[in-house]
2 protein chains.
Amino acid sequence: MARTQSTQYPILGLLCIKPLSGYDLRAEIEGTLNSFWRESEGQIYPTLRMLEETGQIVRIEGQRKQARERQVYAITDLGRQRLRAWIAEEPRMQSPRNEFLLKVWMMRHGPEGAVLAHIRQHRQQVAIRMAAAAELQTLVERNRSFPDFPVWQTLFRYGALMREAELAWCDETLAALEPLERREAKAATCTRKGKKLIEQR
Amino acid sequence: MARTQSTQYPILGLLCIKPLSGYDLRAEIEGTLNSFWRESEGQIYPTLRMLEETGQIVRIEGQRKQARERQVYAITDLGRQRLRAWIAEEPRMQSPRNEFLLKVWMMRHGPEGAVLAHIRQHRQQVAIRMAAAAELQTLVERNRSFPDFPVWQTLFRYGALMREAELAWCDETLAALEPLERREAKAATCTRKGKKLIEQR
DNA sequence: GCAGATATACATCTTACAGAGGTATACTGT
DNA sequence: ACAGTATACCTCTGTAAGATGTATATCTGC
């Protein structure tokens, strides 16, 4: 997903709602897009400058003369147009880099029980996120009348479905692998005296 | 996930199974880790050099004297040790950058029906991957006796659960948003003659 | 047996961007 | 008045993704 400057799109999307400063944008991305989009601190300011130079946003407050003045940006018609065009393009998928599953895949090369511990830990984190999301959802319920409300609902639902599946997998997998790893460990200790069976490959 | 050189770990993991060349590694990552790990073409060779310099792998074929000779690498004890230590560390999560959900989130700023089309397209792709995974799984079933077989099973199961959830979400969401977008479009065309209601914000 | 096409194997270069740090201003207690 | 801390904004640097380049091996038809 390099070479695409995908940072610009969440910025344009948020500026469609209302004018914001770089700092606000950072906070909004962190707060509302968090579950499916994370932005790097250092990418927002360069991107704002690029968007301003290409006329997709304008600075409506702050002259950049005195230092550290609050700079507020608003989207232009061109920006809205570009965003619209981008939305119509087919979305590209992030190339997966799932360390958790990679460690599961090579669990036999790690220390005894380490990966099972990761799975238990993962289960717990997912459960925590699940509770947090449910709480946030009840907060958002108050804005039922917002035109974007139905879309927000579907996004909550997406998170809920994924987390449910994740939890189910953790439970299944622990049930399947826990007895197995115990048995293997026993077998290994039994044979280690003789031939180091566990090192064979 | 920068600054971590995470590319080294799938390489070490694969070399635990058997010695391979850079080209082989690329093919193996593409073929077997594909569903949760993707590696960039240009990252494998620099990483191999780094691993060789730090003594985690050794070249067992190919002298790098004559050009374009096949270079085969094997893991060393140090490499195995490092991998083991890494597996024990808590896995870090990839920061999400889901263009698909981002477009869903801002669907009202895109052209009429564009995002619904993306959702239908997504549904179809997931269904295709689902069928492909099922086929691959029947192939792997033949290696029931492999020590890694139970782990492979859980990884297949992970993919299956996620894809099921994904499909369910697509169906739900299409059912929820299709009638809505149609109604809004009608309302918009009705009022556009008067006040451009759709532009209000 | 060789000319051209294609696949394989390896390498480099450019650019996006994550992470961390830095600086200036505003506020707050003493 | 002054130190300490929080806020708002901005910069720098290393890592790695992805594109692209190039050399060698293998195949194909004539």
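Keep in mind the model is a prediction, meaning the values are calculated, not measured. So that the names make sense, note that chain A is the first sequence line, chain B the second, and so on, each numbered from 1.
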Sorted by chain and residue number, the side chain to side chain contact (heavy atoms under 4.5 Å, CB included) partners of A:Arg163 (sequence neighbours excluded) come out as A:Val126, A:Arg129, A:Met130, A:Ala133
Atom pairs and distances, donor-acceptor, side-chain atoms in residues 167-174 of chain B, under 3.5 Å, two or more places apart:
{"unit_1": "B:Trp169", "atom_1": "NE1", "unit_2": "A:Thr154", "atom_2": "O", "d": "2.8"}
{"unit_1": "B:Trp169", "atom_1": "NE1", "unit_2": "B:Thr173", "atom_2": "OG1", "d": "3.1"}
{"unit_1": "B:Asp171", "atom_1": "OD1", "unit_2": "B:Arg123", "atom_2": "NH1", "d": "2.7"}
{"unit_1": "B:Asp171", "atom_1": "OD2", "unit_2": "B:Arg123", "atom_2": "NH1", "d": "2.8"}
{"unit_1": "B:Glu172", "atom_1": "OE1", "unit_2": "A:Arg157", "atom_2": "NE", "d": "2.8"}
{"unit_1": "B:Glu172", "atom_1": "OE2", "unit_2": "A:Arg157", "atom_2": "NE", "d": "3.1"}
{"unit_1": "B:Glu172", "atom_1": "OE2", "unit_2": "A:Arg157", "atom_2": "NH2", "d": "2.8"}
{"unit_1": "B:Thr173", "atom_1": "OG1", "unit_2": "B:Trp169", "atom_2": "O", "d": "2.7"}

Just checking B:Gly22: base, sugar-phosphate only, or nothing, at a heavy-atom cut-off of under 4.0 Å?
sugar-phosphate
Considering just the side-chain nitrogens and oxygens of [X], establish if one lies under 4.0 Å of OP1 or OP2 belonging to [N].
X	N	answer
B:Arg97	D:dA17	no
B:Thr4	D:dT15	no
A:Thr7	C:dC17	yes
A:Ser40	C:dC17	no
A:Arg70	D:dA8	no

Acceptor/donor pairs from residues 10-26 of chain B side chains to any protein atom, 3.5 angstrom cut, sequence neighbours excluded:
{"unit_1": "B:Ser21", "atom_1": "OG", "unit_2": "B:Tyr23", "atom_2": "N", "d": "3.4"}
{"unit_1": "B:Ser21", "atom_1": "OG", "unit_2": "B:Asp24", "atom_2": "N", "d": "3.1"}
{"unit_1": "B:Ser21", "atom_1": "OG", "unit_2": "B:Asp24", "atom_2": "OD2", "d": "3.1"}
{"unit_1": "B:Asp24", "atom_1": "OD1", "unit_2": "B:Arg70", "atom_2": "NH2", "d": "3.4"}
{"unit_1": "B:Asp24", "atom_1": "OD2", "unit_2": "B:Ser21", "atom_2": "N", "d": "3.0"}
{"unit_1": "B:Asp24", "atom_1": "OD2", "unit_2": "B:Arg70", "atom_2": "NH2", "d": "2.6"}
{"unit_1": "B:Arg26", "atom_1": "NE", "unit_2": "B:Glu41", "atom_2": "OE1", "d": "2.8"}

Value rounded to 0.5 Å, distance of CD in B:Glu166 from NE2 in B:His122:
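Between B:Glu166 CD and B:His122 NE2, I get 3.5 Å after rounding to 0.5 Å.
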Measure [atom1]/[X] against [atom2]/[N] and give the value in whole Å, please.
X	N	atom1	atom2	value
A:Gln94	D:dA17	CD	C1'	12 Å
B:Asp24	C:dA7	CG	P	18 Å
B:Met93	C:dA18	CE	P	17 Å
B:Ile44	C:dT12	CD1	P	15 Å
B:Gln43	C:dT15	CD	P	17 Å
A:Arg38	C:dC17	CZ	P	16 Å
B:Gln71	D:dT24	CD	C1'	13 Å
B:Arg49	C:dC10	CZ	C1'	9 Å

Looking only at heavy atoms, the pair that brings B:Gln8 and B:Thr47 closest together is CA-CG2, 3.7 Å
Can a side-chain donor-acceptor contact be found between B:Arg59 and B:Gln71 if the only test is distance below 3.5 angstrom?
yes
What nucleotide, of [options], holds the atom closest to the side chain of [X]?
X	options	result
B:Tyr23	C:dA9, C:dA16, D:dT11	C:dA9
A:Glu41	C:dA11, D:dA8, D:dC10	D:dC10
A:Ser95	D:dA8, D:dG18, C:dC17	D:dG18
A:Tyr45	C:dC10, C:dC17, D:dC9	D:dC9

In chain order, what residues pass the side chain to side chain donor-acceptor pair (under 3.5 Å) check against B:Gln124, with sequence neighbours excluded?
none
Listed partners of A:Gln43 passing side chain to side chain donor-acceptor pair (under 3.5 Å), at least two apart:
none
Identify, residue by residue, the members of residues 25-32 of chain A with a heavy atom below 4.0 Å from DNA chain C, and return them in order of residue number, or none.
none
